[in-house]
> 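Got a structure for you, questions after.
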Amino acid sequence: MKVAALLATRATRAHRKAWTAVFAALTLTSLLLGAFGLTLVSAWSAHPRVERYAGADLVVAGDQTTRFSAASLGERETVSAGLTERVRIPRTALTVVRGVPGVRAAVADVEFPVGLAGSAATESATASATGRPWEAARLAPYALRTGRAPQRADEVVVAGGGGPERGGADRVGQRLTLRVGGHDTAYTVVGVADGPRTAVWFTDAEARRLSGHPEALDAIGVVAESGTGAGELAGRVRKALDTAGVTDVGHRADGDPATVRVLTGDDRGEAEFLAAAPARGELLAALGSVAGAVVLVSLLVVSSTIVQALRQRSHELGLLRAVGATPGQLRAAVGREVGRVAAWAALVGAAGAAPAYLGLRALLDARGALPTGLELTLLPPLWLTPLVTAAVTVLVAQVAALIGGARTATARPAEALRERAPGRGRGITGLVLLGVGASAAGTAALQRGATAAAAAGAAAVTMVIACAVLGPWIAEGAMRLLGAPLRLFGPGGRLAAANCAASAHRLGAAITPIVLVTAFAGVQLSGGATLTHAGDAQARQVLRADLAVHADGGLPAGAVERIREVPGVRAATEIVPGTVLLARSQLGAPELERLPVFGVTPERLTSTLDPGPRSGDLTRLRPGTVAVGADRADSLGVRPGSTVTLRFGDGQEARLRVVATYQRSIALGDFLLSRDDLLRHTSLPTASGAGRVLVATAPDADRKAVTNALARAVPGARVEPDPAPVRGEAAEQALAEVVSVAVVGAVGGFTVIAVLSTLALIATGRRPELRLLRLAGAGRGQLRRMLRLEAAATVVTGLVVGAAVASVPLLAFSMATTGTVPYLPPAQAAVIVSVVVATAAAGSLPPVWGTLRGRYPR
């Protein structure tokens, strides 16, 4: 041990420059792992914000989780997914809760969208509000600032802070025309209260009527009597509800119990912010995959950097082995060297993890990747997470050192002084990994959605590792191809061609990180860009409407019929967005897939929307039926006349008869449903007019005149002259985009350091060679051209191989999901190439400037 410690101490001092690159790579590894670790634990401890129910000790609400079980590998496995539409509870639960000992008050709560009717609604998009019963205001609690509580059906209380967009609604005594469920009604403002400025409170009876579901509640807020603990009372309420047999409203699937929940503490926010819990699960899954990718990439990059640093000292280590140093002593010495560098680098990176975490949080907030109400929290002990990831960084470095020093440590003393060619085992391993990557790409071609994306990512990772293992052979083959073009550039080109051919193993180490950044960035960026590009193209093809009509609080009753009667209107289709869940077994395991869908009115549908019908009849779309995208229909094995079982956004299950299939499912989603079917399972009221109406005008109609006529026919509605394309987007799309940016940034940072450090180490180790060439008569200009051409050959090889590696899984993914070739925005491709070129130039030339300066070599 003393010998190993002495060797490590002397080597660390003598090779500081070589270890600088390793230090930088390990610092970035520790920083990124710490930042993602903090984000991961903050997502794990995240909870919805408690606002409306802050004054309640507990909340009784529907079960916002759906479950699906299937046999997997002989065992029953269950998966679950959060529901983003309101799961309501029967009003009878209120009587049960009020009868529980220890309950001082049980308050029924419902909410529904409210629009400010009249001319004000056409001036601002902020004319929408939320209606609730006044009794529920005490659950926050929201207190009156002025005025009194509503007592009659035509009286309301509004929130304080109302401005011009609310039409001066904070003045007691003002008359307001509010639109709820498509009906306009005049109300008198009798009070102004605290609370969000979009809130309007009605009498309990009026709120019950306007909610559209008078026998169901959104939630019940419970206030405990003095001296009764929330936990104890929750147990009593739970027992009372179970005894009474109270369940959620609606039909759930078999094996998906509809158990009413009793929420306490931070869980109370789940009854208010419905999208928070599902988003938390999606964030955990996304960050977990990112953390795994960062660990794999860091191991590859750090290993490459350490191996290159040790390769520069191969003769020194070989000499130690030749003079009697044992393999154990060399391993221990290298391990101590790397351990010292890694420990300091890990601590420096851990110190920067917190600012990086805050930056990632800011990016998530700026891109809208997190739903309203979800709070990422960090308890004080969790701030120590970067210390744990720092330990992981040291472990990664030690594994890399063990790999890097293995060949020299195990070589015979007589062979340790000479460099050995890569063995046959390495080549076989690389070819096997290539085969595994190609198999994963084949899996991506046979799957859809997240499964296809995961398979494509796994294929890219495997093939990049295979290229790293096969680096010397790839470099040798590339240099044979590039040798002839290089020789066309005169003496410098001939020197570059000869050097590349003689040092293929050295160039292989430099090519690997370029392949890594090209392949990883290509897969991450192109995967999402391909879907977006194809979806945008389909959305433009789908839309045939010339105008769109919509209003806050819903269009008035009969608005669609009135729109169709306007002179110059050829067709009108109401379209409502929503989500469904598809439960099925995927590769033997149960899966719940959340899918964006639209509900439409089928009359003359293809005049306003062109889904690209393939079979069946879209005009037969009625409640209880569904149209299915062609790819999804093929994967499910259904056709017109078949049935499909779906779960709506509120967890209720329905068997729907297929009436048609269509081609353009990237834009419209995999399922088109009846508008009435979808509205029954959303948090919106079930009245007409909750979406927007697409209008197709007659070819000879005056569009301006039709626009004015529509505004007169539907008072308070907004008429859009150039409607936005119809596009169904997954709820987690913003999160996926941020995660892709984070992954590309992390991998890009790693590979920039890897390329820079590897080329710098190679260039530093070539100083004696360059001095010898200068003494042999080579001019400085010739050597500079040689170095530039070598760097160019390295960059071209890395970019081509990286693009080839990325194209295999991307082609499989894009053909499976869009039926098109992969797409990468030119600007992003230019950034990748520019970063690689700039990094290669910075790593190849500056380290040897001193050797090339002056008349005589130094």
Side-chain angles (χ1 to χ4, degrees), residues 12 15-44 287-309 334-364 376 378 380-404 513 516-517 520 739 741-758 760-761 835 839 843:
T12 303
H15 301 283
R16 292 179 180 175
K17 292 183 179 179
W19 289 120
T20 300
V22 177
F23 183 89
L26 290 172
T27 299
L28 184 60
T29 300
S30 178
L31 186 147
L32 290 174
L33 288 179
F36 282 119
L38 285 172
T39 310
L40 193 62
V41 297
S42 67
W44 173 76
L287 291 174
S289 64
V290 168
V294 170
V295 171
L296 285 175
V297 173
S298 64
L299 181 60
L300 183 60
V301 169
V302 171
S303 298
S304 175
T305 308
I306 291 177
V307 166
Q308 191 59 39
V334 171
R336 283 175 177 264
E337 281 186 72
V338 174
R340 290 177 181 178
V341 175
W344 285 106
L347 291 176
V348 172
Y357 158 72
L358 296 176
L360 183 57
R361 280 284 306 273
L363 181 61
L364 289 170
L376 301 184
L378 271 177
L382 297 180
W383 283 100
L384 300 178
T385 300
L387 296 180
V388 178
T389 56
V392 173
T393 302
V394 175
L395 178 62
V396 168
Q398 292 289 356
V399 172
L402 186 64
I403 296 172
L516 176 66
V517 69
F520 252 86
V739 169
V741 170
V743 170
V744 171
V747 173
F750 272 127
T751 50
V752 163
I753 287 180
V755 173
L756 192 63
S757 58
T758 301
L761 287 170
V835 169
T839 305

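Worth saying up front: this structure is predicted, and the values here are computed from it rather than measured.
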> Determine the minimum heavy-atom distance between Leu26 and Ala345, stating which atoms define it.
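Scanning both residues, the minimum pair turns out to be CB-CB, 3.6 Å.
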
> Write down the atom of Gly349, the atom of Ser30, and the distance for their closest heavy-atom approach.
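Minimum heavy-atom separation between Gly349 and Ser30: C-OG, 3.6 Å.
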
> In terms of heavy-atom contacts, does CH2 of Trp383 have more than 12 from other residues, nucleotides or ligands at under 6.0 Å?
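Count over threshold, so yes.
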
> So, for Thr389 and Leu33, which heavy atoms are closest and what is the spacing to 0.1 Å?
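That closest heavy-atom pairing would be CG2-O, 3.4 Å.
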
> Indicate yes or no: at least one non-hydrogen side-chain atom of Thr27 is less than 4.5 angstrom from one of Phe23.
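Yes, at least one pair of side-chain atoms sits under 4.5 Å.
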
> So, the side chain of Thr39 versus the backbone of Ala35: is there a donor-acceptor pair under 3.5 Å, distance only?
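Yes; at least one donor-acceptor contact below 3.5 Å.
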
> If you define the side chain from C-beta out and look only at heavy atoms, does anything of Leu382 sit under 4.5 Å from Ser42?
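Sidechains of Ser42 and Leu382: no contact.
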
> Look only at the side chain of Thr385 and the backbone of Leu38, and say whether a donor-acceptor pair between them is shorter than 3.5 Å.
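Such a contact is absent between Thr385 side chain and Leu38 backbone.
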
> Which atom pair, heavy atoms only, marks the closest approach of Ala356 to Leu31?
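The answer is CB-CD2, 3.7 Å.
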
